[in-house]
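See below for the structure under consideration.
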Amino acid sequence: MDNETYLFMAFGISWVVFAVYLWSINNQAQGLSEEVRSLRDQQDDEHQ
Amino acid sequence: MSPDGRFGGSATGKILAIGTGVTMLIAIYMMFLYAPQDTMQGPVQRVFYLHLPLAWIAYLAFFIVFVASIAYLIKRNRRWDQLARSSAEVGLVFTTLVIITGSIWGRPIWGTFWEWDARLTTTLILWFIYLGYFMVRAYVSDQERAMRYAAVVGIIGFIDVPIIHMSVRWWRTLHPEPIVTQSGGPAMPDSMLYTLGVSLVAFTLFFGYLVYQKLLIEQAKDQVADHNLAVADREADEAREHSAKGATA
Amino acid sequence: MRNLDKILAIVWKDLLTEVRSRELVVGMLVFAMLTIVTFNFAFDLTGIERAPSGAGALWVAFIFASLLGLGRAVAMERDKGSFDGLLLVPVDRGMIYLGKLLGNVIFISAVQLVTIPVFGALFDLPVYQPMLFLILFLGTLGIAGLGTLFSIMAASTRAREVMLPVLLFPLALPVVISTVRATTLVLTDRTEALMQWINLLAAFDVIFLTISFLVFDRVVED
C-alpha cells in the first residue's frame with residue numbers, strides 16, 4: 001500500500017468512530033428523554 | 001436538560017455544536033489543502049494534525065477526571081462524579097483513536113504498526129488504566145461505593161501517567177522527539193503550525209461538546225435512578241402499611 | 001497506645017492467623033516455584049542470555065504469587081468477617097492500611113526467601129548479593145503498597161479475581177519495570193546504572209505508598 005492510503009485509512013477510521021460515538025450519545029439521550037417523559041406523565045396521572 | 005425533557009436544546013450545547021462544525025471544516029481544509037506536503041514523510045504526515053490534538057485532549061480529559069475525582073472524594077457531590085465519568089469516557093474514545101492513528105502512521109514511516117517505545121507504551125497502558133476505571137464502575141453494585149472506587153482509580157491513574165512515561169522512556173525510546181515543544185521554537189514551517197493550532201481548537205470544541213452532552217445524559221440517568229428508587233421505597237412502605245392494617249384488623 | 005503499637009498489633013494478628021492455618025504462604029510458595037519451573041519450558045534459561053529472562057521470570061512468579069496471596073488474604077478475612085471488626089476498632093484508618101501492608105510484605109518476602117535460593121540453583125545465577133535483597137524488598141513494597149489497597153477494593157466488586165490484576169498490572173507497571181531492570185543488572189554484574197534504577201524504584205515506592213495511605217480511608221468507609 002502506498003503512503004496516501006495510510007493517510008485516508010487513519011482519517012477514515014477516525015471519522016467512523018466519531019460518527020458511531022455521536023450516534024450512540026444521541027441514542028442514549030433520546031432513550032432517556034422518552035423515559036423521563038413517561039415518568040412525568042405517570043406522576044401527573046397520580047396527582048390528578 | 002431543558003424543561004420539556006429534551007437534550008441538546010440549551011444554548012451551551014448549540015454554541016459548542018456550531019463552533020465545532022465551523023472550526024472543524026476550516027481545520028479539515030487546512031489539513032489537506034493549506035498545509036504543505038512534508039518532504040520527508042509524504043502525505044501520511046497529515047495524520048499528525050489529527051493524532052496530536054487527539055493525544056493532547058486525551059491527556060486533558062484524564063486531567064479533568066483527576067481533578068473531578070479529588071473534588072468528589074472531598075465534597076461528596078455527585079456532580080463531580082458525573083463530570084469525571086463523562087470526561088473519562090470521551091478520553092477513552094480519544095485514546096483509542098490516538099493508538100489507531102499512531103499505528104497507521106507508523107506502518108509506512110517505521111515499517112511496523114507497533115513499536116514498544118515510550119509514548120506508545122504509555123498510551124497503551126493509559127488505555128488499560130481507564131478501561132479498569134470503567135470495569136470498577138461496572139462491577140460495584142452500590143452506586144456510592146462505585147463512585148468512590150472509580151475516583152481512587154482516577155487519581156492514581158493520572159499520577160501514574162508521567163511515572164509510567166519516565167520508566168518506559170528509560171527502558172527504551174523510538175518516538176520522534178516532540179518537535180512542537182522544542183526549545184528555540186518548533187522546527188516546522190508556520191503554515192503547519194497554524195494548521196495544528198486550528199485543528200487543536202476544533203478538537204477541543206468537539207471534546208467540550210461531547211463531554212457536555214455526556215454530562216447531561218449522566219445527570220438524567222442519575223435522576224431517573226433516584227426516581228425509580230423513591231417509587232420502589234414508597235411502594236414498599238405502602239405494602240408494609242397495608243399488611244400492618246391487615247394484622248390489626 | 002502509640003501508632004506503631006497499633007500497626008504491630010494488626011501485623012501480629014495476621015501472622016498468628018497465618019501460622020495457625022498456613023493457608024497463604026504455602027500456596028503462594030508452591031505457585032511461585034511452579035511458575036519458575038514452567039518458565040524454563042517457555043524460554044531458554046540455560047544460555048548466556050539467561051539473566052534478563054531469569055529476572056523477568058522471577059518477577060512474573062512473584063507478582064502472580066502476590067496477586068494470589070493478596071486476593072486470598074482479603075477473601076479469608078471477608079469469610080470470617082474479621083475485617084469489618086477491624087474497621088470498628090477506634091484506630092486511624094491509615095494505621096490499618098500500614099498494618100495490612102506490613103503483613104503482606106512479610107508474607108511475600110517469606111515466599112521470596114525460599115524461592116530465591118532455588119531459583120539461583122536451578123539457573124546457576126549469582127543470587128546471594130545484598131543489592132538483590134534490597135531490590136526485592138523495594139519491589140515488594142511497591143507491589144504490596146498498591147496491591148493492599150486494590151485487593152480491599154476488588155473484594156467488594158462482583159468479579160473479584162478479575163478486578164485485582166486489572167487494576168494492579170497497569171498501575172504498578174513502573175515498579176515492575178524498574179525492579180526487573182535492576183534485578184537484571186545485579187544478576188549480570190553491571191553495577192554502573194544500578195543505583196539509578198534503585199533510586200527510581202525507591203521514589204515510585206514513596207509516591208505509591210503516599211497516595212494509597214491518603215485514599216485508604218475513603219475506600220474502606222461504609
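Here is how names work: the chains are called A, B, and so on, in the same order as the sequence lines, proteins then strands, and each is numbered from 1.
Within the model, atoms CG of Leu173(C) and OG1 of Thr121(B) stand 9.0 Å from one another, a figure rounded to the nearest 0.5 Å. For the atom pair Asp160(B) CG and Leu171(C) CG, the distance stands at 5.0 Å (nearest 0.5 Å). Atom CD1 in Ile163(B) sits 9.0 Å away from atom CG in Leu200(C) (nearest 0.5 Å).
Open room surrounds CE on Met131(C); 12 or fewer heavy atoms of other groups in view lie less than 6.0 Å from it. Heavy-atom neighbours of Tyr139(B) OH from other residues, nucleotides or ligands within 6.0 Å: at or below the threshold of 12. Sparse packing is recorded around CZ of Phe64(C), with 12 or fewer heavy atoms of other residues, nucleotides or ligands lying under 6.0 Å away. Within 6.0 Å of CH2 on Trp59(C) lie more than 12 heavy atoms contributed by other residues, nucleotides or ligands. Dense packing is recorded around CZ of Arg137(B), with more than 12 heavy atoms of other residues, nucleotides or ligands lying under 6.0 Å away.
When all heavy atoms are compared, the tightest approach of Leu73(B) to Arg218(C) is O-NH1, 3.0 Å. When every heavy atom of Ile129(B) is checked against every heavy atom of Pro170(C), the shortest pair comes out as CG1-CB, 3.7 Å. For Met135(B) against Val162(C), the heavy-atom pair with the smallest separation is CE-CG1, 4.1 Å. Counting all heavy atoms, side chain and backbone alike, Met163(C) lies closest to Val136(B) at CE-CG2, 3.4 Å.
Heavy atoms of Arg76(B) lying under 4.5 Å from chain C belong exclusively to its side chain. Residue Phe150(C) touches chain B through its side chain alone, counting heavy-atom pairs closer than 4.5 Å. In this structure, the portion of Ile159(B) lying under 4.5 Å from any heavy atom of chain C is its side chain and not its backbone. Residue Leu201(C): no heavy atom, backbone or side chain, is found under 4.5 Å from chain B. For a residue to count as touching a neighbouring chain, one of its non-hydrogen atoms must lie under 4.5 Å from one of that chain's; by this rule Val152(B) touches chain C with the side chain only. Neither the backbone nor the side chain of Ala146(B) has a heavy atom closer than 4.5 Å to any heavy atom of chain C.
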Open item on the list: Between Leu167(C) and Ile156(B), is the side-chain contact (heavy atoms from CB on, under 4.5 Å) condition met? List the steps.
Closed with: CA-CA 10 Å; Leu167(C) 291 176; Ile156(B) 302 183; over 6 Å; no
Task: Verdict with reasoning, Val140(B) to Met153(C), per side-chain contact (heavy atoms from CB on, under 4.5 Å) - done: CA-CA 9 Å; Val140(B) 180; Met153(C) 272 170 61; over 6 Å; no
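Neither side chain, Tyr149(B) nor Thr157(C), offers a donor N or O lying under 3.5 Å from an acceptor on the other.
Arg158(C) places a side-chain N or O within 3.5 Å of a backbone atom of Ala138(B) that can act as its donor or acceptor partner.
The candidate from Leu214(C), Val215(C), Ile211(C) with the greatest count of non-hydrogen atom pairs under 4.5 Å with chain B is Ile211(C).
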